[in-house]
Student: 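Pasting a structure here, questions to come.
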There are 2 protein chains.
Amino acid sequence: MSNLTQPPILVQIVDDHPMVQGGLKACLSFYDDIVIVGSTDDGSDALNKAIELKPDVILMDISMPTMNGIDATEIITEQLPETKVLILSMHSNPEFVKSAIQAGAVGYLLKDTTSEEIYYAIKAVANGKTHFSSSIAKLLLDNPVNTNESEKLTTREQVVLSYLAKGKTSKEIAKILNISFRTVEAHRRNMKTKLGIHSLAKLISYAVKHGIIKN
Amino acid sequence: MSNLTQPPILVQIVDDHPMVQGGLKACLSFYDDIVIVGSTDDGSDALNKAIELKPDVILMDISMPTMNGIDATEIITEQLPETKVLILSMHSNPEFVKSAIQAGAVGYLLKDTTSEEIYYAIKAVANGKTHFSSSIAKLLLDNPVNTNESEKLTTREQVVLSYLAKGKTSKEIAKILNISFRTVEAHRRNMKTKLGIHSLAKLISYAVKHGIIKN
DNA sequence: TTGTACCTAGGTATAACTACCTAGTCAAGT
DNA sequence: ACTTGACTAGGTAGTTATACCTAGGTACAA
């Protein structure tokens with residue numbers, strides 16, 4: 001299992017179960033393109049370690065003593081945008097998954113995952129992709145998560161956007177919402193400005209990709 | 001494992017390996033909301049059996065003696081639109097997966113899948129959803145498959161559509177493709193007509209949802 | 001050879017969107 | 001009390017899209 005044409009991926013482990021830490025280290029030591037550069041057992045320690053070690057990927061548990069993995073993920077992804085956080089949790093609770101993604105996690109694995117899949121997931125997120133366990137992916141299909149991006153839009157803007165994606169014109173939307181069509185146009189303009197988009201088409205692309213549109 | 005509030009799901013197995021047939025029957029007999037109503041060892045027999053038995057779900061192998069599973073899937077999904085075909089294959093070859101989906105399969109499982117996942121997948125497709133093994137889903141993320149829907153569009157139309165989704169105007173696209181902007185408008189008009197769509201916004205929604213747009 | 005589908009291109013008129021600008025009200029938080 | 005953000009609304013001008021219409025060339029199959 002070698003891939004020496006690429007520099008190794010630096011991985012930091014954050015998990016309060018010593019057995020999980022040990023198991024992960026043992027499993028991943030098998031792959032020589034991955035190096036475990038540090039492990040901590042709490043979210044608050046994780047940030048300091050991460051700033052020091054600048055890992056490529058952090059394998060993050062959610063339930064931990066003082067600072068949970070979601071909060072830690074939010075801080076780390078903000079402070080170290082280069083570092084990818086991959087959640088490794090026992091729980092497939094939709095709320096946990098949603099929170100993790102909104103906090104900036106780019107993957108979510110369940111702890112019954114095989115070491116091969118963990119290896120694959122680390123490689124994937126290190127390369128800027130995302131990776132979710134199949135049951136999580138299924139869950140996400142049913143309940144698309146509003147990412148941070150889509151939260152930039154206000155409620156009213158999202159309403160207008162959803163009608164736009166259905167092919168309604170400003171005039172039609174104005175009638176539906178009982179407001180002036182100039183207001184609808186103002187919402188459109190504001191959305192485009194805040195998202196850095198200059199056309200309806202790209203706005204719709206954006207909306208569909210980020211799950212703002214329900215149907 | 002019972003769910004007697006719902007009628008059982010009728011499942012037909014199409015696989016030329018007796019061991020696989022036996023194994024599937026044994027695994028699935030554990031769940032009393034699934035009934036194996038028949039099994040055949042070739043695609044050509046499968047169609048006749050399917051017309052006779054009207055199963056809810058067909059577990060279909062790909063490699064089979066006279067008629068392969070892809071062709072059988074295409075015929076069955078056309079003749080029996082109510083019947084969902086779930087591919088169960090050893091191969092994760094992207095071409096196989098692509099062909100299967102284009103033939104109308106609504107799921108693709110690898111044969112190393114657990115019986116729990118097969119059970120889940122059967123339930124999912126019977127309820128009108130789709131289900132793919134995680135490695136297949138990963139593959140689909142990287143290589144989105146043009147479904148039958150998107151194949152309604154010609155190559156040129158898809159090119160125009162992809163530029164539209166990037167926010168380009170007809171005039172800009174015309175310049176890029178070295179054609180008249182009236183031609184670009186003609187393509188837009190034709191796409192909308194053949195898809196029954198009356199606005200750019202809805203066209204973009206359609207494109208993104210059906211994976212015509214790459215990025 | 002006679003369709004049929006596809007790509008191409010134009011005329012004309014209307015409808016819609018976009019880019020600039022200003023500006024009031026209201027609620028929430030500092 | 002002050003600011004900030006959200007929602008509202010309008011003026012003006014220019015650009016773009018849409019809805020009708022027609023029509024030639026080419027390739028491929030019935």
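In what follows, every chain begins at residue 1, and chains take the letters A, B, ... in the order their sequences are listed. This structure is a prediction, so every number in the text was calculated from the model and none was measured.
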Student: If the condition is ring-ring contact (aromatic ring centres under 6.0 Å, His included), which residues does A/His187 pass it with, not counting sequence neighbours?
Tutor: none
Student: Atom CZ of B/Arg188 and atom C1' of D/dA19: how far apart are they, to the nearest Å?
Tutor: 13 Å
Student: Could you check whether B/Lys123 makes a cation-pi contact with B/Tyr120, meaning its NZ or CZ is under 6.0 Å from the centre of the six-membered ring and within 45° of the ring axis?
Tutor: no
Student: Looking at DNA chain D, which of residues 177-187 of chain A put a heavy atom within less than 4.0 Å of it?
Tutor: A/Ile179, A/Ser180, A/Arg182, A/Thr183, A/Ala186, A/His187
Student: To the nearest Å, how far apart are A/Lys194 NZ and D/dG5 C1'?
Tutor: 9 Å
Student: Once side-chain contact (heavy atoms from CB on, under 4.5 Å) is applied, do any residues pair with B/Ile51, and if so which ones, sequence neighbours excluded?
Tutor: B/Leu47, B/Gln79, B/Leu80
Student: So does B/Arg189 get a side-chain nitrogen or oxygen closer than 4.0 Å to the phosphate oxygens (OP1/OP2) of D/dA19?
Tutor: no
Student: Taking salt bridge (Lys or Arg N to Asp or Glu O under 4.0 Å) as the test, write out the residues that go with A/Glu157, two or more places apart.
Tutor: A/Lys194
Student: Which residues pass the ring-ring contact (aromatic ring centres under 6.0 Å, His included) test with B/His17, not counting sequence neighbours?
Tutor: none
Student: To the nearest angstrom, how far is A/Met191 atom CE from D/dA6 atom P?
Tutor: 13 Å
Student: Tell me which residues in residues 168-175 of chain A lie within less than 4.0 Å of DNA chain D, going by non-hydrogen atoms.
Tutor: none
Student: Enumerate the residue pairs fulfilling salt bridge (Lys or Arg N to Asp or Glu O under 4.0 Å) with a member in residues 41-61 of chain A, sequence neighbours excluded, ordered by first and then second residue.
Tutor: A/Asp61-A/Lys111
Student: Using side-chain heavy atoms (C-beta onward) and a distance below 4.5 Å, is B/Ile34 in contact with B/Leu10?
Tutor: no
Student: How long is the line joining CG of A/Leu153 and C1' of D/dG5, in whole Å?
Tutor: 14 Å
Student: Taking the side chain as everything from C-beta on, heavy atoms only, tell me whether B/Tyr119 gets closer than 4.5 Å to B/Ile9.
Tutor: no
Student: So where does chain A start and stop touching DNA chain C, 5' to 3', when the test is distance under 4.0 Å to a non-hydrogen atom?
Tutor: C/dA16 to C/dC21
Student: Looking at A/Glu185 and A/Arg182, is there a salt bridge between them, counting it only when a charged N and a carboxylate O are closer than 4.0 Å?
Tutor: yes
Student: For the helix from C/dT1-D/dA30 to C/dT30-D/dA1, how many degrees between its two end axes (five pairs per end), to the nearest 10°?
Tutor: 50°
Student: Once side chain to side chain donor-acceptor pair (under 3.5 Å) is applied, do any residues pair with A/Ser170, and if so which ones, sequence neighbours excluded?
Tutor: A/Arg188
Student: What's the CG-P distance between B/Leu164 and D/dA17, to the nearest Å?
Tutor: 8 Å
Student: For A/Lys171, which residues count as a side chain to side chain donor-acceptor pair (under 3.5 Å) partner, sequence neighbours excluded?
Tutor: none
Student: Apply ring-ring contact (aromatic ring centres under 6.0 Å, His included) to A/His198 and list each qualifying residue two or more places apart in sequence or on a separate chain.
Tutor: none
Student: Can you check whether B/Ile118 reaches B/Leu24 side chain to side chain, under 4.5 Å on heavy atoms?
Tutor: yes
